[in-house]
Amino acid sequence: MTTTDAAPTDTAAAATFDSLSPATGEVVGTHPIHDDAHVAQVVAVARKESERWRALSFDGRKKALVKWRKVIASRMEELADVMSKETGKPAGDALLEVALAVDHLAWAASHAEKVLKRRSVSPGLLMVNQAASVEYRPLGVVGVIGPWNYPVFTPMGSIAYALAAGNTVVFKPSEYTPGVGEWLANSFQEAVGRPVFQVVTGYGATGAALTAAGVDKVAFTGSTATGKKVMAACAETLTPVVIEAGGKDALLVADDADVAEAADAALWGACSNAGQTCAGVERVYVHERVYDEFLTELVAKAEQLKAEPGGQVGPITMPSQIDIIRRHVDDALARGGRALVGGPVPEGARFVQPTVLVDVPEDSAAVQEETFGPTVTVSKVRSMDEAIERANGTRYALGSTVFSKSQGMEIAERLRAGMTAINGVISFAGIPTLPFGGVGDSGFGRIHGPDGLREFTYPHAIARQRFKPAMALTTFRRTAKEEAQLTKVVRGLYGRGQK
Ligand code: NDP
């Protein structure tokens, strides 16, 4: 690597910030606050490197990404440990997150060629003299702005797919998980030795600098409010964006469901990662015939679960989130709701106990707004039609879950959501072939799967004339006779019949 190719060093970055343990408040690491000039420099290096990376071809990129995959897989406990320290999530959960991220990296690396390489498409009857083909080309440099809740799995859904598609990437991790971002970039450097994937750290302003640094696409994961700001900034330069924002996902339980399994899934979906999951379960709608049985199961299981140091439910990663969770619980209780497990969140708490709320009005914050804590509302419904209507009744539409032995597909097909798990929970996120993303306030664009690869490309179409057309239509030499022939052909093809 020559010096001009090298990633800029941090010597110019005077200011630093600390990453803190949410469980204890202790300093976990200190990182540079990268300013606009540094971010621009990093993007310039990425721009230069993108020509080389693109020229490597699918096979060369696959080899490089396989090297990276091996480094992560061989040191996954180390990455899980950094993640656990920065987010407070239990070590086992952190390990599972790394495992799923590696699986996505492997899939993206090995399927990019098949999904994106040039392929022939039908030219259609009117253009039968043409050979038509399309390929998906890399955009150049992709800026990835990541969240803290799944600081490896979520950004990897953009990073791996953007790299496999032939882009270089500059990643700005959340200010709560800069160490995870740096670990990923360092491991890439160790495996590949080129500035194909780089990281910049800092607060929101560093993310804003990335959106303004001339990248070719921004992949953002975080709140809907910040997603709007990112989109507004990108509008200035017509930079495309993919927005993975929040959710208010519902789990629906039909009267023929395996109620014990549904209760287990509801609890895990609501409380794993301390409820800080964009596609976590926040609302449950249960058919009246199995409501009491479901609630008994859920309460019994939830009472066993404790949020505590070393427990299955960790602390709330972002301190300001505790105020939001407290507001939602207090509002639900003030408006006639009851907490069957848990209750008001004490001042000064770092951990929020699993909380099951019932009788909560449908228009309250706990049912309509993203809580992002280990809480869940449970409502009784007279029919699955009512469950579907209420599940579809928020401005978010990310994931969803259905428990039913016979009506799973039928109910899933009527849910307004980007993804649905039937008789499982969040299962769609672990399947690399399925697209992940939402509609409405949950955002747009897709990560994962073939759609996730194409998200970081632009299609290039080629029409190649194979032989002279029977009717010369795209020329000033076109005659009235040919126009009459065209009319006749189109009427013959499309003017009658059922097809
Ligand atoms: P934000 O949406 O504020 O932050 C997400 C990312 O964007 C972070 O890396 C952040 O950097 C960065 N950022 C902040 N401001 C800007 C900006 N103007 N331009 C570019 N990048 C910016 O989320 P929070 O972390 O504050 O969480 C708030 C809420 O978002 C949560 O309560 C939760 O409801 C939701 N959320 C949803 C997630 C999901 O998976 N969909 C993930 C995380 C949060 P920095 O952290 O340094 O400020």
Side-chain angles (χ1 to χ4, degrees), residues 17-20 22 31-34 36 39 86-87 89 97 143-158 170-181 199-213 215 218-236 239 241-249 273-280 282 316-328 352 365-366 368-373 375 394-399 418-419 426 429 436-438 440-445 447:
F17 70 111
D18 291 334
S19 149
L20 306 175
H31 304 271
I33 300 173
H34 289 132
D36 295 13
V39 173
E86 287 196 323
T87 63
K89 74 174 69 188
E97 183 177 338
V144 175
I145 299 176
W148 42 265
N149 56 340
Y150 290 93
V152 173
F153 179 73
T154 302
M156 191 61 100
S158 298
V170 179
F171 174 38
K172 154 66 178 73
S174 163
E175 71 198 57
Y176 296 99
T177 53
V180 170
V199 75
V200 290
T201 54
Y203 297 107
T206 306
L210 184 56
T211 64
V215 294
V218 170
F220 169 84
T221 308
S223 63
T224 307
T226 304
K228 287 178 187 173
K229 282 191 206 162
V230 166
M231 206 173 154
C234 287
E236 291 295 319
T239 303
V241 283
V242 45
I243 305 276
E244 298 294 338
K248 192 69 192 173
D249 291 6
N273 205 34
Q276 305 162 114
T277 304
C278 52
E282 299 222 350
I316 298 302
T317 304
M318 188 173 71
S320 58
Q321 192 67 31
I322 295 173
D323 296 333
I324 297 172
I325 302 168
R326 183 182 296 113
R327 176 169 64 78
H328 287 194
V352 173
Q368 295 295 323
E369 295 172 25
E370 185 172 47
T371 307
F372 233 56
T375 69
T394 76
R395 55 185 211 279
Y396 292 107
L398 189 60
M419 295 83 58
I426 324 183
F436 184 99
D441 271 14
S442 293
F444 54 84
I447 56 172

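Source: prediction; values computed, not measured. As the structure lists them, so they are numbered: ligands from 1, and atoms in each ligand from 1.
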Seminar exercise, completed: Nearest non-hydrogen protein atom to atom 43 (C) of ligand 1, with distance, is P147 CB, 3.6 Å

Exercise. Checking side chain to side chain contact (heavy atoms under 4.5 Å, CB included) for the pair F436/C278: CA distance, chi angles, key distance, verdict?
Worked result: CA-CA 11 Å; F436 184 99; C278 52; 4.3 Å; yes

Exercise. Which ligand 1 atoms, with their elements, are less than 4.0 angstrom from a heavy-atom of G246?
Worked result: 41 (N)

Exercise. Got the closest protein heavy atom to atom 10 (C) of ligand 1, with its distance?
Worked result: K172 NZ, 4.1 Å

For this session: Could you list which atoms of ligand 1 come closer than 4.0 Å to a heavy atom of Q321?
Result: 31 (C), 32 (O)

For this session: For atom 46 (O) of ligand 1, grab the closest protein heavy atom and report residue, atom and distance to one decimal in Å.
Result: E175 N, 3.0 Å

Problem set entry | For atom 23 (O) of ligand 1, the option (of G143, P151, S223) bearing the nearest heavy atom | S223

Exercise. Under 3.5 Å, is there a donor-acceptor pair between the side chain of S174 and the main chain of Y176?
Worked result: yes

For this session: Look at atom 17 (C) of ligand 1 and say which protein heavy atom is nearest, naming residue and atom and giving the distance to 0.1 Å.
Result: G204 O, 3.7 Å

Problem set entry | Nearest non-hydrogen partners of E86 and V180, listed with the distance | OE1-N, 3.2 Å

Exercise. Nearest heavy atom to atom 25 (O) of ligand 1: which of Y396, W148, F17 does it belong to?
Worked result: W148

Exercise. Does the side chain of I145 reach to within under 4.5 Å of the side chain of T211, using non-hydrogen atoms?
Worked result: yes

Seminar exercise, completed: Note: Y150, heavy atoms under 4.0 Å from ligand 1, region reported as neither

Problem set entry | Rounded distance (nearest 0.5 Å) linking atom CD of E175 with atom CD1 of I33 | 9.5 Å

Exercise. For residues Y150 and T277, is any side-chain donor paired with an opposing acceptor at under 3.5 Å?
Worked result: yes

Exercise. Short question: side chain of H34, backbone of T201 - any donor-acceptor pair under 3.5 Å?
Worked result: yes

For this session: Under 4.0 Å from a heavy atom of E244: give me the atoms of ligand 1 that qualify, with their elements.
Result: 41 (N)

Problem set entry | Top protein contact for atom 38 (C) of ligand 1, by heavy-atom distance | F372 CZ, 3.7 Å

For this session: Could you list the atoms of ligand 1 found under 4.0 angstrom from a heavy atom of S174?
Result: 9 (O), 46 (O)

For this session: Determine the minimum heavy-atom distance between A213 and V39, stating which atoms define it.
Result: CB-CG1, 4.1 Å

For this session: Give the atoms of ligand 1, by number and element, whose distance to some non-hydrogen atom of G207 is under 4.0 Å.
Result: 19 (N), 20 (C), 21 (N)

Exercise. So which heavy atom in the protein is nearest atom 27 (O) of ligand 1, and how far is it from that ligand atom?
Worked result: M318 CE, 3.5 Å

Problem set entry | For I145, the ligand 1 atoms whose distance to one of its heavy atoms is below 4.0 Å | 6 (C), 7 (O), 9 (O), 12 (C), 20 (C), 21 (N)

For this session: For a side chain to side chain contact (heavy atoms under 4.5 Å, CB included) with T177, tell me which candidate from P151, P147, S19 qualifies.
Result: P151

Problem set entry | Side chain K172, main chain V200, donor-acceptor under 3.5 Å | no

For this session: Apply side chain to side chain contact (heavy atoms under 4.5 Å, CB included) to H328 and E282, showing your working.
Result: CA-CA 12 Å; H328 287 194; E282 299 222 350; 5.9 Å; no

Exercise. Tell me: protein heavy atom nearest atom 9 (O) of ligand 1, and distance?
Worked result: G146 O, 2.8 Å

Exercise. For the atom pair CG (D323) and CD1 (I316), what is the distance rounded to the nearest 0.5 Å?
Worked result: 11.5 Å

For this session: May I ask you to list the atoms of ligand 1 that are less than 4.0 angstrom from any heavy atom of A245?
Result: 41 (N)

Seminar exercise, completed: Contact region, T221 to ligand 1, non-hydrogen atoms below 4.0 Å, reads both

For this session: For G202, take its heavy atoms, then give the atoms of ligand 1 lying under 4.0 Å from any of them.
Result: 47 (O)

Seminar exercise, completed: shortest atom 40 (O) of ligand 1-to-protein heavy-atom contact is with C278 CB, 3.1 Å

For this session: Look up atom CZ in F444 and atom CD in E244, then write down how far apart they are to the nearest 0.5 Å.
Result: 10.0 Å

Exercise. For atom 4 (O) of ligand 1, which candidate among T371, T224, T226 holds the nearest heavy atom?
Worked result: T226

Problem set entry | E370, portion touching ligand 1 at heavy-atom distance under 4.0 Å | side chain

